[in-house]
There are 2 protein chains.
Amino acid sequence: MHVEKLNQLIERYLSVSFFVTKKAAALVKCELDEEMTNDQYYLLRYMSKRGVCTSTELASAFMVNKSAITAMTNRLVDKGLMKRTRDENDRRVVYLTLTEQGDAWLKKTEERIHKLVESFIMKFSEQEIESFIETYEKLANILQELEEKA
Amino acid sequence: MHVEKLNQLIERYLSVSFFVTKKAAALVKCELDEEMTNDQYYLLRYMSKRGVCTSTELASAFMVNKSAITAMTNRLVDKGLMKRTRDENDRRVVYLTLTEQGDAWLKKTEERIHKLVESFIMKFSEQEIESFIETYEKLANILQELEEKA
DNA sequence: CCCGATATTTCAATTATTTAACTATTAAAT
DNA sequence: ATTTAATAGTTAAATAATTGAAATATCGGG
C-alpha cells in the first residue's frame, strides 16, 4: 500500500472511531437511569454474561487495576445491584454476582440498549453489518493475541 | 431480517465494540508520556486539526459541558501545551490554541500513534480496511444526523 | 511453622465530569 | 438609551473512575 493512502486510512480510522465511541457513549447514557453510569452498565453486563466473577477477572477484562474494581463494586453494592460472597474453601477469594435487583435492572436496560442499537443497525443491509462486524472481530482478535504474547 | 439473527448481531456488536474501545484506549495510553492522558491527547489532536477553537465548540465536539472543557483547558495551560487568547471584538469569546510546545508534543505523539495503528491496519487487505472504514463512516453520519434533527 | 505468592482492600492523589450559580459582555426590544 | 435576553466562559461542590503504593488476610510448599 502507498504510504499516503495508508496515512489517509489511519487518519480516517482515528477520526471515525473517536466520534463513534464518544457518540455511542452519549447515547447509551441517555438510556440509563439518572443515577447509573456507562461503566456501571458495562460492568453489570459483563458480570451477567459470565455469571460469577472475581475482582481479578474483572480487572483484567476491563484493563484496570484491581482497586478500580473494588471502588466500582462498592458503589454497586451500595446501590443494591451487586453482592460479594467469600469463597469458603479459599477465603482470599471474593465472588461477585448480581443481586435480583441488579438482574432486573440489567434486563430492563439491555432491552433499551438493544432497541437503540437496532435502530442504527437496521439502516444497513445484513451483508454490510455482517462484514463490518467480522472485520471488527478480526481486529479484536489481533488485539487480544497481542496481549497474550506480551 | 430474523429477530434472532438481528439480536445476535447486536450482541456481537456490543461485545466487540466494548472490547476494542477499551483495548485501543489502553494501547494509546502506552504511547503517551506518563503525565498525559488519552483525553488530553484527543483534545490537542482535535484542536490541532481545527486550528483555533472555542470552549463552546470543543464542548460540542466532545459532547461534554463547557465546564469540563474549562477544567481540561486549565490542566493543559498549566502544562504549557495550550493557551487562551481573548477576542478583541467580542470580549466574551476566548480562543484556544496550541502553544509551540503543544504542537511539538502532538507531532511527536501523532507519529507514535500512527505507527501503532499502522501495525494493526497492515494485517488487513486494503479492500477490507476500506470497506470497514466506509461502513464505520456511514454509521458516524447516521449518528451525526440524529444529533442535528434533535 | 515460616516464606513467598495470591486476592482483595484501603488510602491519597489526579482526572474527568455534571449541575447550578456567577461574571462579563453583547444584541435586541421597546 | 436603557432594560432585558442571550451568549461565552468560569467557578464551585459533588461524584465517578482511575492509579500506585501500602496494608490485610489467606494459602501452599518446604
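Residue numbers begin at 1 in each chain, while the letters A, B, ... track the order of the sequences.
Set against C/dT19, D/dT18, D/dG9, the side chain of A/Val64 has D/dT18 as its closest nucleotide. Comparing C/dT17, C/dT19, D/dC27 by their nearest atom to the side chain of B/Ala71 picks out C/dT17. Nearest to the side chain of B/Ala68, among D/dT19, C/dT17, D/dG9, sits C/dT17. Nearest nucleotide to the side chain of A/Thr37, out of D/dA16, C/dT17, C/dT8: D/dA16.
No donor-acceptor contact under 3.5 angstrom links the side chains of A/Arg12 and A/Asn7, judged on distance only. With 3.5 Å as the limit, one finds no donor-acceptor pair spanning the side chains of B/Gln8 and B/Tyr13. Judged purely by distance below 3.5 Å, without hydrogens or angles, the side chains of B/Glu11 and B/Ser15 never pair a donor atom with an acceptor atom. For the 3.5 Å distance criterion, the side chains of A/Lys79 and A/Gln40 qualify, holding a donor opposite an acceptor.
The CG-C1' distance, from A/Asp78 to D/dT15, rounds to 13 Å in whole Å. A/Arg91 has its CZ atom 13 Å from the C1' atom of C/dA7, to the nearest Å. Rounded to whole angstrom, the span from the CE atom of A/Met82 across to the C1' atom of C/dT8 amounts to 13 Å. Whole-Å rounding puts the A/Asp33 CG to C/dT18 C1' distance at 17 Å. Going from atom CD of A/Glu88 over to atom P of D/dA25 covers 17 Å, rounded to whole Å. Rounded to whole Å, the distance from CD on A/Glu34 to P on C/dT18 is 11 Å. If you measure from atom CG of B/Asp87 to atom P of C/dA24, you get 18 Å, rounded to the nearest angstrom. Straight-line distance from the CE atom of B/Met36 to the P atom of D/dT19: 17 Å, rounded to whole Å.
Minimum interatomic distance between B/Leu58 and B/Met47 (heavy atoms only, all atoms of both residues): CD2-CG, 4.0 Å. Closest non-hydrogen pair, A/Thr97 versus A/Gly51, comes out as CG2-O, 4.3 Å. The heavy-atom pair separating A/Leu143 from B/Val20 by the smallest distance is CD1-CG1, 4.1 Å.
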Return the polar atom pairs (N/O with N/O) between nucleotides 28-30 of chain D and the protein under 3.5 Å, or none.
none

Pairs under 3.5 angstrom only: tabulate donor-acceptor contacts from the side chains of residues 26-33 of chain B to other protein residues two or more places apart or in another chain.
unit_1  : atom_1 : unit_2   : atom_2 : d
B/Asp33 : OD1    : B/Lys108 : NZ     : 3.3
B/Asp33 : OD2    : B/Trp105 : NE1    : 2.4

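The residue among B/Lys79 and A/Val93 whose nearest nucleotide of DNA chain C is located toward the 5' end is A/Val93. Mapping B/Lys66 and A/Arg86 onto DNA chain C by nearest heavy atom places A/Arg86 at the nucleotide closer to the 5' end.
A/Ser67 has no side-chain polar atom (N or O) that falls below the 4.0 Å cut-off from OP1 or OP2 of C/dT10. In this structure, B/Arg75 reaches the C/dA16 phosphate: one of its side-chain N or O atoms is under 4.0 Å from OP1 or OP2. Between D/dT10 and B/Asn74, no contact under 4.0 Å exists linking OP1 or OP2 to a side-chain N or O. Between A/Arg84 and C/dT8, a side-chain N or O to OP1/OP2 separation shorter than 4.0 Å is absent. At the phosphate of D/dT18, OP1 or OP2 sits under 4.0 Å from a side-chain N or O atom of B/Lys22.
Pair check for D/dA5 finds none; no Watson-Crick or G-U wobble contact set falls under 3.5 Å. For C/dT26, there is no paired nucleotide, since no Watson-Crick or G-U wobble pair has both relevant distances below 3.5 Å.
With ring centers used as reference points, B/Tyr46 lies under 6.0 Å from B/Phe62. Aromatic rings of A/Phe132 and B/Tyr136 (six-membered ring for Trp) have centroids within the 6.0 Å cut-off, being under it.
For D/dA5, the base adopts the syn conformation, since its glycosidic angle falls within 90 degrees of zero.
Residue A/Glu35 qualifies as enclosed at atom CD: its count of foreign heavy atoms under 6.0 Å is above 12.
As judged by a 4.0 angstrom heavy-atom cut-off over every strand, B/Asp39 is placed among residues touching the sugar-phosphate backbone only. Using a 4.0 Å heavy-atom distance criterion, B/Thr70 is classed as a base contact.
Looking at residues 48-59 of chain B, you'll see that no heavy atom sits under 4.0 Å from any atom of DNA chain C.
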